[in-house]
Every structure is written in C-alpha cells, then in structure tokens.
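Start at 1 with the first residue, then count along the sequence.
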Amino acid sequence: MENRRSEPRLILLFSGKRKSGKDYVTDLIQRSLGSALCCVLRLSGPLKQRYAQEHGLDLDQLLSAGPYKEQYRANMIHWGETRRRADPGFFCRLATKEAWQPVWVVSDARRLSDVQWFQAEFPQQTQLVRVGCSDRTRQQRGWSFTAGVDDSESECGLDTGVQFDWIVNNDAGGASLDEQLQPLLKLARESADRH
C-alpha cells in the first residue's frame, strides 16, 4: 500500500453508465461535505494522464466531456484494459496516492477489478454506490449508443455480479437527489468523526 498521511474512514465507490450523472452526484457530495473532509478521486484521471503522455495527446481535452475525448475513447479503453490485465490495481493506486481526507468519493469505478481492489485494500471502509437513470434521460444529456464503448467492460463490467450498498436514481422527476444523498452524507460525517 502507498504511503499516505492517513487511512480513509469511508470510501464511497460510485459506478454507473455514461451520462448517468456520476460526476454531478459526486461533486454535490464533495460540496456538501467540504474539501477538508472529502476528496473526489477519478480512476480515469491517471488513466487519461498516462494515455496522453504515451500517445502525445492533449490531457486537458481528454479530461473534458467534449468530442476530443470521444474520438480516443475506444482506443483508450483498450489500452487501459491491457494495463489492468498486467496489474489490476495500477490505476487505483495512482488515483489514491495523494488522498489524505477521511472520506474518499471515487466517481468512476467501472470494472470488477476496481471494486475488488478497494474491497481488498479497505474492506471495512468501502461502500458501493450505483447511479442510475433511464436511457431517455441519458440521451437528453447527450448520450447515444456507441459500439465498442457502451457494450464494453468499461460500461458493462458492474451491471451484474455486484451487490450495491446504495442506489441513487438520477432521473429528472424522481425522488430529489438531496433527499437520496442525505443518508450518504450522514454516514460520511459520522465516519469522519470516528477516531
């Protein structure tokens, strides 16, 4: 395990389909808890950073939600899968290396290997959260099915075989996000207060 200033007291490991609103939900949680209590970790950040370095690409554009990232997405997924087969915890270790806050919110768990790494390294602290919404809502947010992306492990790897501790419905017109997030925020505050 990497050297950190302290171990996390709670890890909320988020997953969900593209355009389900994972980043939106995890950013809401961090704003509610504050940056001294909570950090948002993105497993795709180290992946994109390494991919950009090795392929001479613009990292800022790869980190954005725009068309630049989309044109490289399929190749980046394949490249990341190759890295993970060689070392399943590679990107998880990179993403958590600098984390020091008591609550870690991982915004983009996509594969069973991500879940397994966190559960093995932090078995008592890890809670699995699934963000979901209808395909119609995803389409309204700009999603359209892309072969080789939406049917790959990066999108489907956690669709089955995983027991989620929490489910967040991010459809417009459903229960408010604020209401749904209150139990998670309460858990995070209580976990951070434990010594």
Side-chain angles (χ1 to χ4, degrees), residues 11-32 40-49 51 61-85 88-92 95-96 104-119 126-181 183-185:
I11 299 170
L12 297 174
L13 198 59
F14 279 79
S15 70
K17 300 288 192 183
R18 286 193 307 138
K19 299 294 184 180
S20 64
K22 297 180 300 294
D23 287 332
Y24 179 76
V25 170
T26 56
D27 287 346
L28 278 177
I29 290 172
Q30 186 186 37
R31 278 197 301 275
S32 295
V40 175
L41 304 174
R42 291 178 168 80
L43 301 180
S44 63
L47 184 150
K48 290 173 184 172
Q49 183 176 32
Y51 184 80
Q61 292 213 44
L62 278 182
L63 292 171
S64 77
Y68 185 86
K69 175 176 75 175
E70 294 306 320
Q71 86 182 63
Y72 294 104
R73 184 184 288 271
N75 286 337
M76 193 164 39
I77 288 169
H78 175 71
W79 176 87
E81 297 303 332
T82 302
R83 282 282 191 161
R84 277 186 191 85
R85 276 193 294 278
F90 181 75
F91 296 113
C92 297
T96 62
W104 298 357
V105 174
V106 180
S107 68
D108 59 349
R110 296 182 174 273
R111 294 158 186 84
L112 190 55
S113 63
D114 298 337
V115 171
Q116 290 169 335
W117 186 84
F118 279 97
Q119 288 178 330
T126 301
Q127 297 266 312
L128 306 181
V129 185
R130 182 71 167 190
V131 177
C133 66
S134 67
D135 284 350
R136 181 177 179 190
T137 297
R138 293 170 65 209
Q139 288 166 343
Q140 291 169 347
R141 294 175 182 158
W143 173 78
S144 64
F145 181 85
T146 304
V149 174
D150 291 296
D151 52 0
S152 71
E153 184 184 8
S154 71
E155 289 301 312
C156 303
L158 298 177
D159 287 356
T160 59
V162 176
Q163 181 70 38
F164 292 98
D165 300 294
W166 306 87
I167 305 289
V168 176
N169 178 354
N170 194 20
D171 264 317
S176 80
L177 275 178
D178 185 53
E179 288 173 40
Q180 293 180 71
L181 296 180
L184 281 171
L185 294 171

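Within the 4.5 Å cutoff, side-chain heavy atoms of I29 are placed close to those of L185. Proximity of T96 to L41: side-chain heavy atoms (C-beta onward) are separated by under 4.5 Å at one or more points. Side-chain contact between Q30 and T26 is absent, with no heavy atoms from C-beta onward closer than 4.5 Å. Contact annotation: the side chain of W79 approaches that of L47 to within less than 4.5 Å [non-hydrogen atoms, C-beta and beyond]. Residues P46 and F90 are not in side-chain contact: their nearest non-hydrogen atoms beyond the backbone lie 4.5 Å or more apart. Side-chain contact between P88 and W117 is absent, with no heavy atoms from C-beta onward closer than 4.5 Å. In this structure the side chain of S20 never reaches within 4.5 angstrom of the side chain of N170, judged on heavy atoms. Side chains of R18 and T146 form a contact here, defined as non-hydrogen atoms less than 4.5 Å apart.
With respect to D171 and R136, no salt bridge is recorded, no charged nitrogen being found less than 4.0 Å from a carboxylate O. With respect to the salt-bridge test (charged N to carboxylate O, under 4.0 angstrom), the residues K17 and D135 do not qualify. Using a 4.0 Å cut-off between charged nitrogen and carboxylate oxygen, R31 and D178 do not count as a salt-bridge pair.
Checked options R111, R110, R84; the residue passing with F91 is R84 (criterion: side-chain contact (heavy atoms from CB on, under 4.5 Å)). Screening V40, L43, L12 against V106 for a side-chain contact (heavy atoms from CB on, under 4.5 Å) leaves a single residue, L43.
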*Test side-chain contact (heavy atoms from CB on, under 4.5 Å) on L128 and Q119 and set out the steps.*
CA-CA 10 Å; L128 306 181; Q119 288 178 330; 3.7 Å; yes
*asked:* Using the rule given for side-chain contact (heavy atoms from CB on, under 4.5 Å), can you reason through R130 versus D159, listing the C-alpha separation, both sets of side-chain angles and the distance that settles it, and then say yes or no?
replied: CA-CA 10 Å; R130 182 71 167 190; D159 287 356; 2.7 Å; yes
*asked:* I'd like to know whether R42 forms a salt bridge (Lys or Arg N to Asp or Glu O under 4.0 Å) with D27, so could you lay out the CA-CA distance, the side-chain angles of the two residues, the decisive distance to 0.1 Å, and finally the verdict.
replied: CA-CA 11 Å; R42 291 178 168 80; D27 287 346; 3.0 Å; yes
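How far CZ of R73 is from OH of Y68: 14.5 Å, rounded to the nearest 0.5 Å. We find the OG-CZ distance between S113 and R85 to be 10.5 Å, quoted to the nearest 0.5 Å. In this structure, the separation between CG on L62 and OH on Y51 is 7.5 Å, given to the nearest 0.5 Å.
At distances below 3.5 Å, not a single donor-acceptor pair connects side-chain atoms of K48 with backbone N or O atoms of L63. Side-chain atoms of R138 do not come within 3.5 Å of backbone N or O of C133 as any donor-acceptor pair. The backbone N or O of F118 sits less than 3.5 Å from a side-chain atom of T126, completing a donor-acceptor pair.
F145 meets the ring pair (Phe, Tyr, Trp, His ring centres under 6.0 Å) test with no other residue; sequence neighbours excluded.
What you find for D108 and K22 is that their closest heavy atoms are CA-CE, 4.4 Å. The shortest non-hydrogen separation linking F164 to V129 is CD2-C, 4.0 Å. The two atoms that bring L158 and S15 nearest to each other are CD1-CB, 3.6 Å, heavy atoms only.
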